[in-house]
Amino acid sequence: MPGLALVGFMGAGKSTTGPLLASRLGWPFVDLDALIEEREGASVSDLFQRLGEAGFRKAERRALLAALEQPGPLVLSTGGGTLCAEENRASLRSWGETVYLEVPLEVLALRVGAGEGRPLWSEAELRYRARQPIYESCDRRVDGRLDVAVLVEQILEDMC
Ligand code: S3P
């Protein structure tokens, strides 16, 4: 399998689960938000402010394609909105597997502390509901409320 992408809403634990999973697999880890920031030379919040959401999504698309072009297997943590674009879903489908870290909105709100530094938290509830079917169309689903070490073992078991 060339790669595994972690999917879920802001605060679902993609960026904490990803490195641990990658190290268990002996695969590199790429955090898509971090890659966007590196490539664009600006933080996600700055990109939203400067370019608006549409501009950010273009940068996100470019970074996603760059990540998927890397040779060898990879664990990728996507941004909460990456899968909203059908073209991103198609690219990920032909690349590897997607795993949805499912966490209820109330738990996410507590974790994210009402979204400091995350530009879209104010519309969180609407977005959460709109994205649910997209997230649920992932290849696998795990309970993102589990302890991260347990979560990683579950993903590894599911992969066998
Ligand atoms: C977004 C989630 C963020 C980041 C950007 C947009 C979203 O990533 O990509 O703020 O649309 O849900 P995380 O899910 O890693 O916080």
Side-chain angles (χ1 to χ4, degrees), residues 3-23 27-68 70 74-93 95-146 148 151-152 155:
L4 198 145
L6 298 175
V7 173
F9 209 65
M10 290 179 256
K14 305 176 295 272
S15 305
T16 42
T17 308
L20 194 58
L21 180 61
S23 85
W27 295 1
F29 169 68
V30 172
D31 182 295
L32 189 59
D33 282 337
L35 183 62
I36 297 167
E37 293 183 337
E38 189 188 311
R39 288 170 53 95
E40 303 297 323
S43 70
V44 168
S45 313
D46 287 346
L47 290 170
F48 262 84
Q49 262 170 17
R50 257 187 19 221
L51 311 173
E53 182 167 358
F56 172 78
R57 295 301 172 197
K58 283 185 191 152
E60 181 179 51
R61 168 81 184 147
R62 290 194 295 271
L64 177 68
L65 292 179
L68 302 191
Q70 290 186 27
L74 188 76
V75 173
L76 174 73
S77 81
T78 61
T82 310
L83 264 72
C84 294
E86 166 52 32
E87 58 182 357
N88 291 346
R89 295 201 290 279
S91 300
L92 283 164
R93 257 196 311 273
W95 170 76
E97 295 205 354
T98 47
V99 178
Y100 171 32
L101 304 191
E102 188 173 23
V103 180
L105 188 64
E106 315 79 72
V107 178
L108 293 172
L110 289 173
R111 281 189 187 177
V112 174
E116 202 185 316
R118 280 174 158 104
L120 297 176
W121 191 258
S122 51
E123 299 156 39
E125 196 163 352
L126 279 177
R127 287 188 184 246
Y128 183 87
R129 291 192 204 298
R131 290 175 182 179
Q132 205 75 354
I134 293 171
Y135 292 151
E136 285 173 2
S137 71
C138 285
D139 299 310
R140 298 155 210 247
R141 200 194 296 200
V142 284
D143 185 345
R145 289 169 300 184
L146 292 170
V148 65
L151 195 63
V152 164
I155 295 172

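All residue numbers in this chain count up from 1 along the given sequence. All ligand and atom numbering here is 1-based and tracks the order in the structure.
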Worksheet item: Between CD1 of I155 and CG of L4, what distance do you get to the nearest 0.5 Å?
Response: 7.0 Å
Discussion item. Salt bridge or not between R93 and E86? Use side-chain N to carboxylate O under 4.0 Å.
Written reply: yes
Discussion item. Can you check which of L32, L6, V44 brings a heavy atom nearest to atom 10 (O) of ligand 1?
Written reply: V44
Practice prompt. Would you check whether G80 has a nitrogen or oxygen atom less than 3.5 angstrom from a nitrogen or oxygen atom of ligand 1?
Written response: yes
Item to complete: Before accepting this row, confirm whether a basic side-chain N of the pair E53/R127 lies closer than 4.0 Å to the acidic partner's carboxylate O.
Response: yes
Worksheet entry | Residues R145 and E102 bridged, charged N to O under 4.0 Å | no
Practice prompt. Starting from the C-alpha separation in whole Å, work towards a yes-or-no answer on side-chain hydrogen bond (donor to acceptor under 3.5 Å, both in side chains) for S91 and R61.
Written response: CA-CA 10 Å; S91 300; R61 168 81 184 147; 2.9 Å; yes
Worksheet item: Do any nitrogen or oxygen atoms of K14 lie less than 3.5 angstrom from nitrogen or oxygen atoms of ligand 1?
Response: yes
Worksheet item: Taking the minimum heavy-atom distance to atom 11 (O) of ligand 1, which of E60, R127, R57, E53 ranks first?
Response: R57
Worksheet item: Which bit of R131 is near ligand 1, meaning a heavy atom under 4.0 Å away: side chain, backbone, both or neither?
Response: side chain
Worksheet item: Would one find an N or O of T78, backbone or side chain, under 3.5 Å from an N or O of ligand 1?
Response: no
